[in-house]
K.L.:
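Mind having a look at this structure? Questions to follow.
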Amino acid sequence: MGKTRLTTAQALIKFLNQQYIHVDGEEFPFVEGIFSVFGHGNVLGIGQALEQDPGHLKVFQGKNEQGMALAAMAYSKQMLRQKIYAVTTSVGPGSANLVTAAGTALANNIPMLLLPGDTFASRQPDPVLQQVEQEYSAAVTTNDALKPVSRYWDRITRPEQLLSSLIRAFEVMTDPGKAGPVTICLAQDVEGEAYDYDEEFFERRVHYLDRKAPVERELKGAAEMIKASKKPLILVGGGAKYSEARDILVALSEKHSIPLVETQAGKATVESTYKNNLGGMGVTGTLAANKAARQADLIIGIGTRYTDFVTSSKTAFNFETAKFLNINVSRMQAYKMDAFQVVADAKTTLEQLAPLLDGYESEFGQTIAELKQEWNAERDRLSKVTFTRENFEPEIRNHFSQEVLNEYADVLNTELAQTTALIAVNDTIDPGSTIIASAGSLPGDVQRIWNSTVANTYNVEYGYSCMGYEVSGALGVKLANPDKEVYSLVGDGSFLMLHSELITAIQYGKKINVVLFDNSGFGCINNLQMGNGMGTYFTEFRTHDNKVLNIDYAKVAEGYGAKTYRVNTIEQLKVALEDAKKQEVSTLIEIKVLPKTMTEGYDSWWNVGVAEVSNKEGIQQAFESRKQKLETAKQY
Ligand SMILES: Cc1ncc(C[n+]2csc(CCOP(=O)(O)OP(=O)(O)O)c2C)c(N)n1
Ligand SMILES: O=C1C[C@@H](O)[C@H](O)[C@@H](O)C1=O
Ligand SMILES: [Mg+2]
């Protein structure tokens, strides 16, 4: 058997170049490139290997490890998990910065390859710079913090360990039922150590993203359940999107009058304007979807994890009467809600189910159209909210007095409601553009009122709701869709938390548009605390002497080299959006919006940890009402 003498890092890069994926008859490289922040833990190992021969890998310099890993995640999510960017970091703080991003990818089931540097396998220089030096074990390093947030984790302390480790890594990342972050920690001395690798290790390897078909028992059971139901409802989750099940979903919905409702990950599998699509479900859902869910006697959950936001903390359905049918590639997910389980690919299952449902018609009838119409009227109202200096009733009522709202209007020099600004963005940008959101009040607003009219143009991460995904993710989406505009919809809080990759986007001429909704605070958390009886406590951005902060974000981005706009009216917003489309450089549009003007409610409930004892009546009431609500909830 032929041998080739390479360092561990050189072997790793050579191997990455030879990984291919096979999807529906097409074969292409699985690893598109690699994001790097070099330090002593990786520059002389992986850095050297890449300098010598990167192969087809596109190499980018990130600015923050968390940011670049989130960009890699967004890329993979946008590519429907069929391609990845790897991520290389130094040791210690560089790898610790990956933890948040790995958690985000894990919660969202997105493949990601993390390659943090590690301490010396030889231990000769210990403690090496950035080694935490645990007293109880020299074998524990910062990288162990990545174990709970990785789908597969390994540490390479000998060059030959790479052989089995990489094969496991790619098996995990290319299995739709297990896809998630893989972490391979590389002892920094071992990265540079040479070994005689078998040449066949570097032969082209093809990973088959086969569509697992349902077995006959599953199909028969699913068909029987649907035919026995009067009002079935299809809950479209991320699994439906990754399986590209749009056409069969529409066909089934159309033929059998079954309404569709969506999770955050599932949105834009089917266009929002499709007549039977009632939109987002649950805490951040539409009234139409939530009303339909209460009526349903069968929930067909397709590729969904049934998070608390989707199920309104298990109060969204009529659990006395409703049954569940889950179609999921993950057995663990399929088991939820005591459902009848079909552990298989969404598209294949639905296609095979179709002929078994001939002649079936749900009893939803005209209700679907009526619910959709009612919701469209509500969206229309939200597009025209007008601020008044007296008796203004924002969407989130009874939190801020008119005086406080006027104070914000004065300091931020705006009368814009967030819902109205957001719908104006929706109406002005090209429908083929992709939006990115993740934390704060915007994910709720977009799930309800954003009309996605083109498939896969909604890249919202709401499994981890990680502040910082928004701007970082926009870079990843741009790498996935270089010919389309991408829009990061981000709150001021999330922007402040992490926007380092805006600079990376500018540096490499990968144009992204940041649309920053500045309400001077952690608005949704302020709503949460005030909605549960607390006062406003450390969630508004106020100075030591209680003045509302007014930050010039446009100036910040201008300093980086972005084309920037400051808008305080809808007219200015539309002009800025049109101009931003024409730019080649990244842009930032700073929109000052009034607090309390985001959406909320629509017959949903979120179980949050309210204090059982308190000296505030409002909190006592919140606790009591939670207790009552919990009595109506499914327990597990
Ligand atoms: C990394 C991270 N830290 C903390 C949180 C908790 N959190 C959720 S939303 C939020 C505030 C978001 O503020 P902003 O981006 O301004 O959005 P707004 O609610 O004002 O629209 C916080 C602190 C989080 N989701 N992610
Ligand atoms: O705690 C949170 C509350 C949600 O409203 C918000 O969207 C999310 O980002 C979060 O972390
Ligand atoms: Mg804010």
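Because the structure is predicted, anything quoted here is derived from the model rather than measured. Note that ligands are numbered from 1 as they come in the structure, with each ligand's atoms numbered from 1 the same way.
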K.L.:
Show me the short polar-atom pairs for ligand 2: any N or O of it lying under 3.5 Å from a protein N or O, with distances only.
P.N.:
| unit_1 | atom_1 | unit_2 | atom_2 | d |
| --- | --- | --- | --- | --- |
| ligand 2 | 7 (O) | Gly440 | O | 2.6 |
| ligand 2 | 7 (O) | Tyr462 | OH | 2.6 |
| ligand 2 | 9 (O) | Gly440 | N | 3.1 |
| ligand 2 | 9 (O) | Ser465 | OG | 2.5 |

K.L.:
Less than 4.0 angstrom from a charged side-chain N to a carboxylate O is my criterion; do Glu378 and Arg381 meet it?
P.N.:
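Yes, this pair counts.
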
K.L.:
If you measure every N or O of Gly523 against every N or O of ligand 1, does any of those distances drop under 3.5 Å?
P.N.:
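For ligand 1, there is an N or O atom that lies under 3.5 Å from one belonging to Gly523.
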
K.L.:
Could you work out, for atom 19 (O) of ligand 1, the closest of Ser465, Pro443, Cys524, Gly103 by heavy-atom distance?
P.N.:
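Looking at heavy atoms only, the winner is Cys524.
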
K.L.:
Do any N/O/S atoms of Phe517 come under 2.8 Å of the Mg ion (ligand 3)?
P.N.:
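It does not: Phe517 brings no N, O or S atom closer than 2.8 Å to the Mg ion (ligand 3).
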
K.L.:
Kindly give the atom name of the N, O or S atom of Asp492 closest to the Mg ion (ligand 3).
P.N.:
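This residue's closest N, O or S atom turns out to be OD1.
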
K.L.:
Out of Leu114, Asn97, Leu70, which one pairs with Glu65 under the side-chain contact (heavy atoms from CB on, under 4.5 Å) rule?
P.N.:
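In the set Leu114, Asn97, Leu70, the residue that makes a side-chain contact (heavy atoms from CB on, under 4.5 Å) with Glu65 is Asn97.
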
K.L.:
Can a salt bridge be assigned to the pair Asp410 and Arg389 using a cut-off of 4.0 Å between side-chain N and carboxylate O?
P.N.:
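Salt bridge between Asp410 and Arg389, a charged N being under 4.0 Å from a carboxylate O: yes.
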
K.L.:
Only one of Tyr487, Tyr469, Tyr458 clears side-chain contact (heavy atoms from CB on, under 4.5 Å) with Ile436; which?
P.N.:
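Only one option passes, and that is Tyr469.
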
K.L.:
Closest by any non-hydrogen atom to atom 12 (C) of ligand 1: pick that one out of Gln418, Gln66, Met467.
P.N.:
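Of the listed residues, Met467 has the closest heavy atom.
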
K.L.:
Taking distance alone, with no angle check, do Met598 and ligand 1 share an N/O pair under 3.5 Å?
P.N.:
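Met598 vs ligand 1: no N/O contact under 3.5 Å.
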
K.L.:
Just distances here: any N/O of Phe522 and N/O of ligand 1 closer than 3.5 Å?
P.N.:
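Between Phe522 and ligand 1, no N or O pair is found under 3.5 Å apart.
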
K.L.:
Name the residue from Thr419, Thr286, Thr599 that meets the side-chain hydrogen bond (donor to acceptor under 3.5 Å, both in side chains) definition with Arg448.
P.N.:
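Running side-chain hydrogen bond (donor to acceptor under 3.5 Å, both in side chains) over Thr419, Thr286, Thr599 with Arg448 returns exactly one hit, Thr599.
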
K.L.:
What about Gly493: any of its N or O atoms under 3.5 Å from an N or O on ligand 1?
P.N.:
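Between Gly493 and ligand 1 (N or O atoms, distance only) the closest approach is under 3.5 Å.
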
K.L.:
Does Asp518 bring an N, O or S atom to within less than 2.8 Å of the Mg ion (ligand 3)?
P.N.:
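Not a single backbone or side-chain N, O or S atom of Asp518 is under 2.8 Å from the Mg ion (ligand 3).
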
K.L.:
Can you tell whether the side chains of Glu612 and Lys627 come within less than 4.0 Å, N to carboxylate O?
P.N.:
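Answer for the salt bridge query: no.
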
K.L.:
Within the stated cut-off of 2.8 Å, is an N/O/S atom of Asn519 closer than that to the Mg ion (ligand 3)?
P.N.:
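Checking Asn519: at least one N, O or S atom is under 2.8 Å.
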
K.L.:
Below 3.5 Å, N or O to N or O, backbone or side chain included: is there any such pair between Thr100 and ligand 1?
P.N.:
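No, no N or O pair falls under 3.5 Å.
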
K.L.:
With only distance considered, is Tyr464 within less than 3.5 Å of ligand 1 through an N or O on each side?
P.N.:
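Min N/O separation from ligand 1 is not below 3.5 Å for Tyr464.
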
K.L.:
Does any non-hydrogen side-chain atom of Lys510 lie less than 4.5 Å from one of Phe60?
P.N.:
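Yes - at least one pair of side-chain heavy atoms lies under 4.5 Å apart.
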
K.L.:
Determine, using heavy atoms of Gly468 and all atoms of ligand 1, whether some pair is separated by less than 4.0 Å.
P.N.:
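In this structure, Gly468 fails to qualify as a contact of ligand 1 - no heavy atom is under 4.0 Å.
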
K.L.:
Under 4.0 Å between a side-chain nitrogen and a carboxylate oxygen: does that hold for Lys478 and Glu501?
P.N.:
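Salt bridge between Lys478 and Glu501, a charged N being under 4.0 Å from a carboxylate O: no.
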
K.L.:
Please classify the Asp492 to ligand 1 contact at 4.0 Å (heavy-atom distances, strictly less than): side chain, backbone, both or neither.
P.N.:
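Contact part for Asp492 vs ligand 1: both backbone and side chain.
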
K.L.:
Check this for me: does any side-chain nitrogen of one of Lys574 and Asp427 sit under 4.0 Å from a carboxylate oxygen of the other?
P.N.:
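Answer for the salt bridge query: no.
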
K.L.:
Look only at interatomic distance and state if Ala439 has a nitrogen or oxygen under 3.5 Å from any nitrogen or oxygen of ligand 1.
P.N.:
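Between Ala439 and ligand 1 (N or O atoms, distance only) the closest approach is not under 3.5 Å.
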
